[in-house]
Amino acid sequence: MSGPKLQKVFGTHSTSKLLPTHRKRLLKQIEITYGLFKSIRPNDLADIPKEYQSIAIKLDKRGEATNGYTIYDKSGYVFMETELSPNIRRDKRSNIFENGEEFTEINTNNKQFTLEVQKLIKAAFQTCYLKSKQQNRLFSESIRTIKLENILPYKTQSKNYVFLERHLTKNQKELLYKVLAKEFLLVKKKLCKQETKKERETLENKFKLIGKVLKKDVFNVGTK
């Protein structure tokens, strides 16, 4: 998109009431992306957010130099990086970008990496249940019987797993499995508790609905 066309889009969006909402969401997504990585090569800056957060980014280049980037959001809004926050500019994040001239690498020592592993495990539980031959039982019952070795085939099929593994060194890939094993029981316990609560609430709501139907005598049930 040319400069004049971009300027026209910026002008139109600047009056929208939804602009602050989309700006806040995108800023959070970019910050989470930065937080996951130890280093990012400048040329990878367009690919990483797209793979990780489904954010379409075009690098603003002059020759070989990258002077920033433009975000084409799924909402239809277009933002320059400086519109979101001056703090996400490359020159403000030298700890990430100055270390990334040779490779892009995930920071395995931060909280975001652990959260991503937990999401992988949760998704694997769901996939394991959906592909199970015993779907007549509740999800919470299935969770209780699933072991780590049961979910391993499913986590490797995950797009997020492939993304994480691609940006880890050989030693870190071994660490990925160790973190999976470490977080497995924690996620299992938490997910089982959440699903049990949801299933109980669903059952209670069904009983309440049946009670209301019987009370109103919708089906003309009763003695005469």
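Atom NZ of K155 sits about 13.5 Å away from atom SG of C128, to the nearest 0.5 Å. Atom CD in Q172 sits 3.5 Å away from atom OG1 in T169 (nearest 0.5 Å). Rounding to the nearest 0.5 Å gives a distance of 9.0 Å between CG of D47 and OG1 of T104. With rounding to the nearest 0.5 angstrom, the OG1 atom of T108 is 7.5 Å from the NZ atom of K38. Expressed to the nearest 0.5 Å, how far CZ of F97 lies from CG of D91 amounts to 10.0 Å. Rounding to the nearest 0.5 Å places CG of N43 at 11.5 Å from CD1 of I48.
Not counting sequence neighbours, K28 has no partner by the side-chain hydrogen bond (donor to acceptor under 3.5 Å, both in side chains) test. Shown here are the side chain to side chain contact (heavy atoms under 4.5 Å, CB included) partners of K193, two or more places apart in sequence or in another chain: there are none. By the side chain to side chain contact (heavy atoms under 4.5 Å, CB included) test, A46 pairs with I57, L59, sequence neighbours left out. Residues satisfying the side-chain hydrogen bond (donor to acceptor under 3.5 Å, both in side chains) test with E31, not counting sequence neighbours, are R93. Partners of T33 under the side-chain hydrogen bond (donor to acceptor under 3.5 Å, both in side chains) rule, at least two apart in sequence or in another chain, do not exist in this structure. Scored by the side chain to side chain contact (heavy atoms under 4.5 Å, CB included) test, D60 finds T70 as partners (sequence neighbours excluded). With sequence neighbours excluded, the residues forming a ring-ring contact (aromatic ring centres under 6.0 Å, His included) with Y52 are F163, listed by chain and number. Scored by the side chain to side chain contact (heavy atoms under 4.5 Å, CB included) test, R200 finds T196, E204 as partners (sequence neighbours excluded). For K198, the side-chain hydrogen bond (donor to acceptor under 3.5 Å, both in side chains) partners are E195, not counting sequence neighbours.
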Going through the checks in order, is the side chain to side chain contact (heavy atoms under 4.5 Å, CB included) test met by L164 and L120? CA-CA 10 Å; L164 290 177; L120 282 176; 3.6 Å; yes

Steps toward side chain to side chain contact (heavy atoms under 4.5 Å, CB included) verdict (N107, L36): CA-CA 6 Å; N107 184 356; L36 180 62; over 6 Å; no

List the steps, then state whether side-chain hydrogen bond (donor to acceptor under 3.5 Å, both in side chains) holds for R137 with S132. CA-CA 10 Å; R137 62 181 178 180; S132 170; 4.8 Å; no

I143 vs Y129, side chain to side chain contact (heavy atoms under 4.5 Å, CB included): CA-CA, chis, key distance, verdict: CA-CA 8 Å; I143 293 170; Y129 172 67; over 6 Å; no

Please walk me through it: do Y69 and F79 pass ring pair (Phe, Tyr, Trp, His ring centres under 6.0 Å)? CA-CA 9 Å; Y69 54 85; F79 297 92; over 10 Å; no

Worked check of side chain to side chain contact (heavy atoms under 4.5 Å, CB included) between F184 and I151: CA-CA 10 Å; F184 175 77; I151 71 166; 3.8 Å; yes

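Under the 4.5 Å side-chain heavy-atom criterion for Ile, Leu, Val, Met, Phe, Trp and Tyr, L185 and V179 are members of the same hydrophobic cluster. A single hydrophobic cluster is seen to contain both L130 and Y161, as judged by linkage of ILVMFWY side chains at heavy-atom distances under 4.5 Å, directly or through other members. When the side chains of ILVMFWY residues are joined at heavy-atom separations under 4.5 Å, either directly or via intervening members, L175 and L152 end up in a single hydrophobic cluster. Residues L191 and L180 fall within the same hydrophobic cluster, defined by Ile, Leu, Val, Met, Phe, Trp and Tyr side chains chained together at heavy-atom separations under 4.5 Å. Placement of L186 and L148 in two distinct hydrophobic clusters is found when ILVMFWY residues are connected by side-chain heavy-atom separations under 4.5 Å, directly or transitively.
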Check residues 20-27 and write down every donor-acceptor pair under 3.5 Å in which the side-chain atom is one partner and the other belongs to a residue at least two apart or another chain.
from, atom 1, to, atom 2, distance (Å)
H22, ND1, R25, NH2, 3.2
R23, NE, E83, O, 3.0
R25, NH1, Q29, OE1, 3.1
R25, NH1, D73, OD1, 3.4
R25, NH2, D73, OD1, 3.3
R25, NH2, D73, OD2, 2.4

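Heavy-atom minimum distance, I32 versus Q53: CG2-NE2, 3.6 Å. A pairwise comparison of heavy atoms in N87 and K92 identifies O-CB, 3.7 Å as the closest pair. In this structure, S140 and C192 approach most closely via the heavy-atom pair O-SG, 3.9 Å.
The main-chain N or O of I146 is never found under 3.5 Å from a side-chain atom of N150 such that the two would form a donor-acceptor pair. Remark: the backbone N or O of F139 is paired with a side-chain donor or acceptor of E199 at under 3.5 angstrom. Here the side chain of T145 pairs a donor or acceptor atom with the backbone of S142 at under 3.5 angstrom.
Donor-acceptor pairing under 3.5 Å is lacking for the side chains of E105 and S39.
Within the structure, salt bridge (Lys or Arg N to Asp or Glu O under 4.0 Å) contacts touching residues 174-190 (residues at least two apart or in different chains) do not occur. Screening residues 110-127 for salt bridge (Lys or Arg N to Asp or Glu O under 4.0 Å) gives E116-K119 as the qualifying pairs, with residues at least two apart or on separate chains.
Checked against the 6.0 Å centroid threshold, F37 and F113 do not count as a close aromatic pair.
Proximity of Y77 to L18: side-chain heavy atoms (C-beta onward) are separated by under 4.5 Å at one or more points. Side-chain contact between E81 and I71 is absent, with no heavy atoms from C-beta onward closer than 4.5 Å.
Counting non-hydrogen atoms of other residues, nucleotides and ligands closer than 6.0 Å to NZ of K197 gives a total of 12 or fewer.
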